[in-house]
Engineer: 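Structure provided below as structure tokens; questions to follow.
Just so it is clear: chains get the letters A, B, ... in the order the sequence lines come, proteins before strands, and each one is counted from 1.
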Amino acid sequence: MTIQVYNTMKKKKEPFVPIREGFAGMYACGVTVYDFSHIGHARALVVFDVIYRYLKHLGFNVTYVRNYTDIDDKIIKRAQEEGVTYKEISERYIKEFDYDMELLGVEKPTHAPRATDHIPEMIAMVQALVDKGFAYEVDGDVYFKVSRFSEYGKLSGKNIEDLSAGARVEVDERKQSPLDFALWKKSKPEEPFWECPWGKGRPGWHIECSAMSQKYLGKTFDIHGGGMDLIFPHHENEIAQAECATGEPFARYWIHNGFVNINQQKMSKSLKNFFTIRKILETYHPEVLRLFLLSNHYRSPVDYSEQNLTEAKTGLDRLYALLKDMDEIQAAARKSAELSPAEEKMRDDVQAFSEKFTEAMDDDFNTAAALGHLYTLTRTLNMFIDQKKKDPSVHISDETIKRAQEQFQKVGSIFGLFNESPHSYFQKQREKGLTAAAISPEEIERLIAERLAARKAKDFKRADEIRNQLAEKGIILKDMPQGTEWTTKDI
RNA sequence: GGCGGCGUAGCCAAGUGGUAAGGCAGAGGUCUGCAAAACCUUUAUUCAGCGGUUCGAGUCCGCUCGCCGCCUCCA
């Protein structure tokens with residue numbers, strides 16, 4: 001069964017057929033490293049991480065390339081502000097980015113090239129464009145001549161006439177047309193530069209992705225992705241450069257993720273409604289953020305709000321609670337040849353989930369629908385576990401539990417969830433809550449013991465008093481058959 | 001002005017021709033001394049509005065209203 005992928009170029013879903021059977025080449029535009037990465041970056045990174053993982057899961061041999069833009073105006077500006085070299089800024093934020101990705105559980109791509117490590121490739125491409133008459137040099141700057149590429153606009157659905165009419169770019173007199181864009185920029189004094197046929201200069205923004213994607217994936221490759229905002233002009237320009245330079249088609253499938261809004265407002269620096277990944281992960285477990293992001297289809301806009309994150313946390317808690325229960329039941333389960341009707345049904349549901357999950361993911365990576373099915377399975381499993389808790393004689397075989405656990409492992413490995421043992425997941429949460437509660441576990445245990453004594457003596461007034469007292473500090477008690485457990489209140 | 005998207009229950013959110021997934025919140029119940037957790041039941045005759053195509057439409061077409069993105073660096 002081939003998967004369906006929405007291709008921005010065609011504006012519709014189409015079957016994904018790679019150039020070479022069994023292989024997939026994928027390039028996703030990475031970040032410009034001049035500051036900490038934010039929630040918007042996180043979404044793009046998580047979306048393509050999941051696409052990467054899913055393609056691998058399907059058995060594709062995937063080459064995934066994600067670049068670092070480590071030379072550009074913003075980096076240079078930042079370096080000048082701090083009085084350090086551009087390299088110091090870019091390397092610093094590459095390190096920070098890598099750290100964020102590790103926290104977020106984003107898999108390393110096959111290649112993570114830096115733009116500045118590929119200057120010769122870029123110069124060669126610019127030279128090829130000049131030689132073929134697609135680009136022209138003006139006083140050290142080299143521009144791409146948009147009018148020479150009749151297909152310009154095919155990705156974004158724009159045409160050259162409309163663009164010319166609506167151009168609000170300040171017109172650079174030296175450009176032959178306002179639409180022409182820089183392939184190579186002459187360096188100003190004090191700016192980093194590389195020697196090239198046009199003097200001292202540095203690459204324009206778009207050229208790096210064309211050069212690096214081709215180096216690692218070939219002239220024509222399968223998937224090119226990034227945020228919606230990159231469709232125009234970045235990806236449009238990449239296509240123009242690459243196809244004119246090589247004379248061959250560039251990427252075949254264009255995948256773009258939607259934006260993140262903050263409390264229904266566009267995220268922007270001027271509104272200061274900006275959240276860095278680092279900041280969010282101080283409060284929320286990384287998997288909460290992933291679950292939240294994957295609860296929406298990747299092309300829809302998603303609204304970041306505390307309520308939505310808290311909801312995601314509730315969901316993740318529920319899933320981990322089930323995993324914990326399954327671990328416990330598994331430990332006590334026995335082999336059995338005979339299945340009760342309830343267990344039969346459970347196996348059927350597990351199997352049904354497996355099929356529905358695949359169906360959802362095959363349909364343009366519909367993680368939201370896939371998660372819906374996971375919750376349905378969760379309810380089925382909880383139902384059985386609930387019965388078993390009430391009546392320990394209810395039997396279940398280890399094989400059935402194993403099959404259910406395997407489905408969760410599969411989802412976990414594709415979505416980047418359930419990387420922790422349920423025990424450590426809840427343990428961490430308790431530790432976090434404890435810090436906020438300012439009470440020691442020993443003190444809690446002491447109060448629980450005191451409450452137990454009170455309950456045994458039927459002094460429920462005192463027992464409730466203790467429970468309320470702990471609740472005020474954010475400690476929630478649960479009276480279980482085997483004793484009293486405690487958790488911390490949700491953030 | 002050009003291009004594109006969206007509008008599904010209190011909230012979040014799947015669903016591109018076959019009769020409305022899932023989650024959160026709420027209500028009732030099982031369990032509990034009472035709770036918590038879990039489970040059960042329940043919550044959209046209806047998918048912004050109006051027309052049209054069709055045996056059949058959130059789903060396709062047209063119009064209207066409302067929101068948003070891109071066209072400038074941006075995931």
Engineer: B:G69 P sits how many Å from A:H256 NE2, rounded?
Structural biologist: 18 Å
Engineer: Above 12 or not: heavy atoms from other molecules or residues under 6.0 Å from CD of A:E306?
Structural biologist: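 12 or below, so no.
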Engineer: Using centres under 5.5 Å plus planes under 30 degrees as the test, is A:F259 stacked with B:G69?
Structural biologist: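 According to the criterion (under 5.5 Å, under 30°), no, A:F259 does not stack.
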Engineer: By the 4.0 Å heavy-atom rule, please label A:T487 as base, sugar-phosphate, or nothing.
Structural biologist: nothing
Engineer: As a test of reading the structure: which of B:C70, B:A13, B:G4 is closest to the side chain of A:A368, going by heavy atoms?
Structural biologist: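 Nearest to the side chain of A:A368 among the choices is B:A13.
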Engineer: Report yes if a side-chain nitrogen or oxygen of A:T69 is closer than 4.0 Å to either non-bridging phosphate oxygen (OP1 or OP2) of B:C73; otherwise report no.
Structural biologist: no
Engineer: Expressed in angstrom and rounded to an integer, what is the separation of A:D229 atom CG from B:U72 atom P?
Structural biologist: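 Between P of B:U72 and CG of A:D229: 13 Å.
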Engineer: B:U16 phosphate, OP1 or OP2: any side-chain N/O from A:K12 under 4.0 angstrom?
Structural biologist: no
Engineer: Does the side chain of A:N159 get closer than 4.0 angstrom to OP1 or OP2 of B:G2 through an N or O atom?
Structural biologist: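 Checking A:N159 against B:G2: no side-chain N or O falls below 4.0 Å of OP1 or OP2.
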Engineer: Between A:R299 (CZ) and B:G4 (P), how many Å, whole number?
Structural biologist: 15 Å
Engineer: Between B:G7 and B:C12, how many Å separate the two C1' atoms, rounded to a whole number?
Structural biologist: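 Per the computed distance, 15 Å lies between those C1' atoms.
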Engineer: Out of B:A13, B:A36, B:C73, which nucleotide sits closest to the side chain of A:M480?
Structural biologist: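 My answer, after comparing the listed nucleotides, is B:A36.
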Engineer: Expressed as a whole number of Å, how far does the C1' atom of B:A13 sit from that of B:G23?
Structural biologist: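 The same atom, C1', in both gives a distance of 8 Å.
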Engineer: Which residue lies toward the 5' end of RNA chain B, A:H206 or A:K13, if each is placed at its nearest nucleotide?
Structural biologist: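 Upstream on the strand: A:K13.
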Engineer: Between B:G18 and B:C61, how far apart are the P atoms? Round to whole Å, please.
Structural biologist: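 It works out to 16 Å between them.
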Engineer: Please classify the nucleic acid contact of A:V47 as base, sugar-phosphate, or nothing, using heavy-atom distances under 4.0 Å.
Structural biologist: nothing
Engineer: Side chains of A:D317 and A:Y425: do they bring a donor and an acceptor to under 3.5 Å?
Structural biologist: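 Looking only at side-chain atoms, A:Y425 and A:D317 do form a donor-acceptor pair, the distance falling under 3.5 Å.
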Engineer: Run through RNA chain B and report every stem of 3 or more consecutive Watson-Crick or G-U pairs, distances under 3.5 Å, ordered by first number.
Structural biologist: B:1-7 with B:65-71, B:10-12 with B:22-24, B:26-30 with B:38-42, B:48-52 with B:60-64
Engineer: Reckon A:S156 touches a base, only the sugar-phosphate, or nothing at all at heavy-atom distances under 4.0 Å?
Structural biologist: sugar-phosphate
Engineer: Reckon A:L477 touches a base, only the sugar-phosphate, or nothing at all at heavy-atom distances under 4.0 Å?
Structural biologist: base
Engineer: Hey, can you pull the residues of residues 373-385 of chain A with a non-hydrogen atom under 4.0 angstrom from RNA chain B?
Structural biologist: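 Result for residues 373-385 of chain A: A:Y375, A:T376, A:R379, A:N382, A:M383, sorted by number.
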Engineer: Flag this pair as yes if the NZ/CZ of A:R299 is under 6.0 angstrom from the six-membered ring centre of A:Y6 and inside a 45 degree cone about the axis; otherwise no.
Structural biologist: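 Cation-pi check for A:R299 and A:Y6: passes.
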Engineer: Mind calculating the distance between NZ (A:K388) and P (B:C39) to the nearest angstrom?
Structural biologist: 17 Å
Engineer: Should we count NZ of A:K388 as having more than 12 external heavy atoms under 6.0 Å?
Structural biologist: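 Buried by this count: over 12 neighbours within 6.0 Å.
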Engineer: Could you measure between the two C1' atoms, the one in B:G62 and the one in B:U53, and give it in whole Å?
Structural biologist: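 Nearest-Å result for B:G62 against B:U53 at atom C1': 11 Å.
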Engineer: Looking at every strand, decide which applies to A:G315 at a 4.0 Å heavy-atom threshold: base, sugar-phosphate, or nothing.
Structural biologist: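 No contact.
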Engineer: Between A:K77 and A:E81, does any side-chain N to carboxylate O distance fall below 4.0 Å?
Structural biologist: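 Yes.
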Engineer: Taking A:E236 for its side chain and A:I231 for its backbone only, find out whether a donor-acceptor pair lies under 3.5 Å.
Structural biologist: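 No, the answer is negative, given that no donor and acceptor are paired below the 3.5 Å cut-off.
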Engineer: For B:U16 and B:C6, measure between their C1' atoms and round to the nearest Å.
Structural biologist: 15 Å
Engineer: Decide whether A:H373 and A:E359 meet the rule of one side-chain donor and one side-chain acceptor closer than 3.5 Å.
Structural biologist: no
Engineer: Name the pairs: protein N/O against N/O of nucleotides 32-34 of chain B, kept only if under 3.5 Å.
Structural biologist:
{"residue": "B:G33", "atom": "O6", "partner": "A:R451", "partner atom": "NH2", "Å": "3.3"}
{"residue": "B:G33", "atom": "O6", "partner": "A:R455", "partner atom": "NE", "Å": "3.3"}
{"residue": "B:G33", "atom": "N1", "partner": "A:D464", "partner atom": "OD1", "Å": "2.9"}
{"residue": "B:G33", "atom": "N2", "partner": "A:D464", "partner atom": "OD1", "Å": "3.3"}
{"residue": "B:G33", "atom": "N2", "partner": "A:D464", "partner atom": "OD2", "Å": "2.6"}
{"residue": "B:C34", "atom": "O2", "partner": "A:R467", "partner atom": "NH2", "Å": "2.2"}
{"residue": "B:C34", "atom": "N3", "partner": "A:R467", "partner atom": "NH1", "Å": "2.7"}
{"residue": "B:C34", "atom": "N3", "partner": "A:R467", "partner atom": "NH2", "Å": "3.2"}
{"residue": "B:C34", "atom": "N4", "partner": "A:D479", "partner atom": "OD2", "Å": "2.8"}

Engineer: Strictly below 4.0 Å, N to O, side chains only: are A:D464 and A:R467 in salt-bridge contact?
Structural biologist: yes
Engineer: Pick the P atom in B:C39 and in B:A25, then give their distance to the nearest Å.
Structural biologist: 12 Å
Engineer: Calculate the interatomic distance between A:L293 atom CG and B:G23 atom P; express it in whole Å.
Structural biologist: 20 Å
Engineer: Show every donor-acceptor pair shorter than 3.5 Å between a side-chain atom in residues 27-36 of chain A and any protein atom, with sequence neighbours excluded, or say none if there are none.
Structural biologist:
{"residue": "A:Y27", "atom": "OH", "partner": "A:N67", "partner atom": "OD1", "Å": "3.3"}
{"residue": "A:Y34", "atom": "OH", "partner": "A:K269", "partner atom": "NZ", "Å": "3.4"}

Engineer: Provide the distance between the two C1' atoms, one in B:A44 and one in B:G26, to the nearest whole Å.
Structural biologist: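 Per the computed distance, 16 Å lies between those C1' atoms.
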Engineer: Closest approach to the side chain of A:K158, judged atom by atom: which nucleotide of B:G2, B:A75, B:G15 is it?
Structural biologist: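 So the nucleotide nearest the side chain must be B:G2.
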Engineer: OP1 or OP2 of B:C24 versus the side-chain N and O atoms of A:R318: is any pair under 4.0 Å?
Structural biologist: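 The answer is yes; a side-chain N or O of A:R318 sits under 4.0 Å from OP1 or OP2.
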Engineer: Check the orientation of A:H256 and A:W254. Use parallel for under 30°, tilted for 30 to 60°, and perpendicular for over 60°.
Structural biologist: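 Rings of A:H256 and A:W254: parallel, under 30°.
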Engineer: Can you check nucleotides 9-12 of chain B for protein contacts, nitrogen or oxygen pairs under 3.5 Å, and list what you find?
Structural biologist:
none

Engineer: Between P on B:G15 and CG on A:D362, what's the gap in Å once rounded to a whole number?
Structural biologist: 14 Å
Engineer: On RNA chain B, nearest-nucleotide positions of A:H41 versus A:V302: which is more 5'?
Structural biologist: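 Its nearest nucleotide being more 5', the pick is A:V302.
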Engineer: Parallel, tilted or perpendicular for A:F357 and A:F415, by the 30°/60° rule?
Structural biologist: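 Ring orientation of A:F357 relative to A:F415: tilted.
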Engineer: Aromatic rings A:F144 and A:F149: how do their planes relate, parallel, tilted or perpendicular, breaks at 30° and 60°?
Structural biologist: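 Rings of A:F144 and A:F149: perpendicular, over 60°.
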Engineer: Answer with base, sugar-phosphate or nothing: what part of the nucleic acid does A:G153 contact at a heavy-atom distance below 4.0 Å?
Structural biologist: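 No contact at all - A:G153 keeps every heavy atom at 4.0 Å or more from the nucleic acid.
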Engineer: When you check the glycosidic angle of B:G22, does it come out syn, meaning within 90° of 0, or anti?
Structural biologist: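 It is anti.
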Engineer: Can you list the residues that meet the side chain to side chain contact (heavy atoms under 4.5 Å, CB included) rule with A:I466, with sequence neighbours excluded?
Structural biologist: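 Testing A:I466 for side chain to side chain contact (heavy atoms under 4.5 Å, CB included), a comparison that skips the adjacent residues, returns A:L447, A:E450, A:R451, A:R462, A:L470.
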Engineer: Does the plane of the ring in A:F365 sit parallel, tilted or perpendicular to the ring in A:Y54? Use 30° and 60° as the thresholds.
Structural biologist: perpendicular
Engineer: Rounding to an integer number of Å, can you tell me how far A:F365 CZ sits from B:A14 P?
Structural biologist: 16 Å
Engineer: Would you say the side-chain atoms of A:E465 and A:Q469 include a donor-acceptor pair closer than 3.5 Å?
Structural biologist: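 On atom types as modelled, these side chains do not qualify, holding no pair under 3.5 Å.
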Engineer: Can you find a side-chain donor-acceptor pair between A:T487 and A:Q429 that sits under 3.5 Å?
Structural biologist: no
Engineer: In whole Å, what separates the C1' atom of B:C67 from that of B:G29?
Structural biologist: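 Each nucleotide's C1' atom is 41 Å from the other's.
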Engineer: Can you measure A:D49 atom CG to B:A75 atom C1' for me and round it to whole angstrom units?
Structural biologist: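 Between C1' of B:A75 and CG of A:D49: 14 Å.
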Engineer: Would you please test A:D141 and A:K175 for salt bridge (Lys or Arg N to Asp or Glu O under 4.0 Å) and show each step?
Structural biologist: CA-CA 10 Å; A:D141 288 332; A:K175 289 201 284 189; over 6 Å; no
Engineer: When we call it a touch if two heavy atoms are under 4.0 Å apart, what does A:G40 touch: a base, just sugar-phosphate, or nothing?
Structural biologist: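 Here A:G40 touches the bases of the nucleic acid.
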